[in-house]
Amino acid sequence: LITTMGDNGVRICFANPGTSEMHFVAALDSVPEMRGVLTLFEGVATGAADGYARMSGDPAAVLLHLGPGLGNGLANLHNARRARVPMMVVVGDHAIYHKKFDAPLESDIDSVAETVSGWVRRSTGPADVADDAVAAIAFARSEQRIATLILPADVSWSDGAQPAGSVVPQPSPVSIETEDIEAALASGAPTVILVGGDATRAPGLDAAARLAHRYGAQLFCETFPARLERGAGVPAAERIAYFGEAAVAQLDRTRHLILAGAVSPVTFFGYPGKPSDLVPEGATVHTLAGPVGAAAALEELAGRLAPDTVAPTAPPSRPLLPSGPLNVQTSADVIGALLPERAIVVDESNTSGFLLPQSTAGAPAHDWLTLTGGAIGYGLPVAIGAALAEPDRPVLCLE
């Protein structure tokens, strides 16, 4: 199993194991290509795998102990699911023959795994393990989602498994009809391009900014992007506000909303007498692409419609280093004044950090990782994973 994972580009495993996973743990020492990282809580393992995948683009592995271990890691698996990051979760289970005795740790692992996974499979024999691992990794890579492999203890300790080699998943060709989007851009009516998914990195942002500049559209980003490249020299995409009233003001008068990797915006919670849908009444929503492949779709569209347009980028600027009491404004200004080059910012400051975007807009180019799924307890674990994926870059965790 571990050799197959390494052959398919899974090079790190964040583990909080127990008795049923000890053969997996022992095997980690025999495969030098796989780095094992012990975590003392399952939510750290799942969050660190999320951070690693956001920065590396490769699936990280997670090893968890039975259903309760999976349950303990669920909140950060929820965040990873919402962030569309590739991840392979291996959950140990009782030996197949032991399950009928309903031992104290017996539980319905499959049902729990399905709440956060796009792919779930239970290996039923040693000969199946390698092929199941290849299928899991191929799914995680191609769909940018979580794949969970349930590994019974006796399947793990029995002889008969062989590595399956490597399989590179081929993305399915996607045909996109863009006539309505082209007409919307050319209409002269107030138009918003809303980016998300893989379009929040430099290539997608550049293409979206070129289209916005060419047609006078506004460029926005989802409220909590998985990974947003920003700062001086990078095209700027304003994030949709967290609070509904502010988001309504941002999108006011919009007649065409083009979704490029983003989902149609809604409020985080329902409130009496307030709309849940943030799309202005009468506006038309156009979907260019989902979260996987949005950057490529934007690049193709910009190549045809704005081939000679240069994307505007954020100019270098920093706030003055403040003095006096530390509050929401001055803390944001301190970070903006001192943020180092190539920093990775993992942001779980939530409402204490709502002034950070404006204070850091012109700081040296950096990556900003946000609480995509809204489940708290994400910041420090994701920062660990990001630091392991990019050991030469400074990581700033905001709690």
Side-chain angles (χ1 to χ4, degrees), residues 12 14-16 37-57 60 62 64 69-87 89 116 146 196 200-201 221-231 239-243 268-269 326-336 338-340 342-361 363 366-399:
I12 194 166
F14 298 93
N16 186 284
V37 180
L38 176 67
T39 69
L40 301 187
F41 176 64
E42 293 89 346
V44 176
T46 53
D50 179 355
Y52 184 93
R54 291 195 199 202
M55 293 310 304
S56 70
V62 176
L64 302 174
L70 175 60
N72 277 346
L74 210 63
N76 276 331
L77 287 174
H78 165 81
N79 289 328
R81 177 179 72 89
R82 286 292 186 175
R84 290 295 292 251
V85 300
M87 188 184 303
V89 180
V116 291
I146 297 169
T200 60
R201 298 166 199 176
C221 171
E222 287 185 307
T223 306
F224 290 131
R227 174 183 171 186
L228 175 63
E229 294 186 19
R230 62 192 301 274
R239 286 161 61 180
I240 296 294
Y242 172 78
F243 294 110
F268 273 70
F269 302 98
L326 191 65
N327 54 41
V328 170
Q329 180 66 69
T330 55
S331 62
D333 287 346
V334 168
I335 293 166
L338 300 179
L339 192 68
R342 301 181 64 244
I344 300 169
V345 181
V346 179
D347 184 7
E348 196 176 18
S349 59
N350 298 341
T351 51
S352 294
F354 70 92
L355 295 179
L356 282 164
Q358 66 191 49
S359 294
T360 57
H366 56 275
D367 285 284
W368 205 279
L369 280 54
T370 73
L371 183 56
T372 310
I376 60 174
Y378 128 104
L380 285 167
V382 167
I384 291 169
L388 288 169
E390 296 280 358
D392 297 328
R393 296 179 62 179
V395 178
L396 174 65
C397 181
L398 304 176
E399 283 291 353

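- A 4.5 Å side-chain heavy-atom check between Val382 and Val346 finds at least one atom pair inside the cut-off.
- For Glu42, the side-chain hydrogen bond (donor to acceptor under 3.5 Å, both in side chains) partners at least two apart in sequence or on another chain are Asn72.
- Under the rule for a side-chain hydrogen bond (donor to acceptor under 3.5 Å, both in side chains), Asn350 has no partner lying at least two apart in sequence or in another chain.
- The heavy-atom pair separating Val62 from Ala45 by the smallest distance is CG2-O, 3.9 Å.
- Residues Thr330 and Asn327 bring a donor and an acceptor atom of their side chains to less than 3.5 Å of each other.
- For His78, the ring-ring contact (aromatic ring centres under 6.0 Å, His included) test picks out no residue, with sequence neighbours left out.
- Annotation: side chain of Phe41 is not in contact with side chain of Thr39 (no heavy-atom distance under 4.5 Å).
- Listed by chain and number, the residues in a side-chain hydrogen bond (donor to acceptor under 3.5 Å, both in side chains) with Glu399 amount to none (sequence neighbours excluded).
- Arg84 is linked by a salt bridge (Lys or Arg N to Asp or Glu O under 4.0 Å) to nothing, counting only residues two or more places apart in sequence or in another chain.
- Contact detail for Ala226 and Arg54: the closest heavy-atom pair is O-NH1, 2.8 Å.
- With sequence neighbours excluded, no residue satisfies salt bridge (Lys or Arg N to Asp or Glu O under 4.0 Å) with Arg230.
- Side-chain contact between Tyr378 and Leu369 is present, with heavy atoms from C-beta onward closer than 4.5 Å.
- In this structure, the ring-ring contact (aromatic ring centres under 6.0 Å, His included) partners of Phe268, at least two apart in sequence or on a different chain, are Phe224, Tyr242.
- For the pair Leu64/Thr46, a side-chain contact is recorded, criterion being any heavy-atom separation below 4.5 Å from C-beta on.
- Every residue two or more places apart in sequence or in another chain was checked for a side-chain hydrogen bond (donor to acceptor under 3.5 Å, both in side chains) with Asn16, and none qualifies.
- Heavy-atom minimum distance, Val89 versus Leu77: CG2-CD2, 3.9 Å.
- When every heavy atom of Pro86 is checked against every heavy atom of Ala53, the shortest pair comes out as O-CB, 3.4 Å.
- With sequence neighbours left out, Asp367 forms a salt bridge (Lys or Arg N to Asp or Glu O under 4.0 Å) with Arg227, Arg393.
- Under the 4.5 Å side-chain criterion, counting only non-hydrogen atoms from C-beta, Leu396 is not in contact with His366.
- Take Ala75 and apply the side-chain contact (heavy atoms from CB on, under 4.5 Å) test, not counting sequence neighbours, and it matches Ala375.
- For Ile376, the CD1 atom is loosely surrounded, since the number of other residues' heavy atoms within 6.0 Å does not exceed 12.
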If you look only at distance, which donor and acceptor atoms sit under 3.5 Å apart when one is on a side chain in residues 384-392 and the other is two or more places apart or in another chain?
none

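- For Asp347, the side-chain contact (heavy atoms from CB on, under 4.5 Å) partners at least two apart in sequence or on another chain are Ser349, Leu356, Trp368, Leu398.
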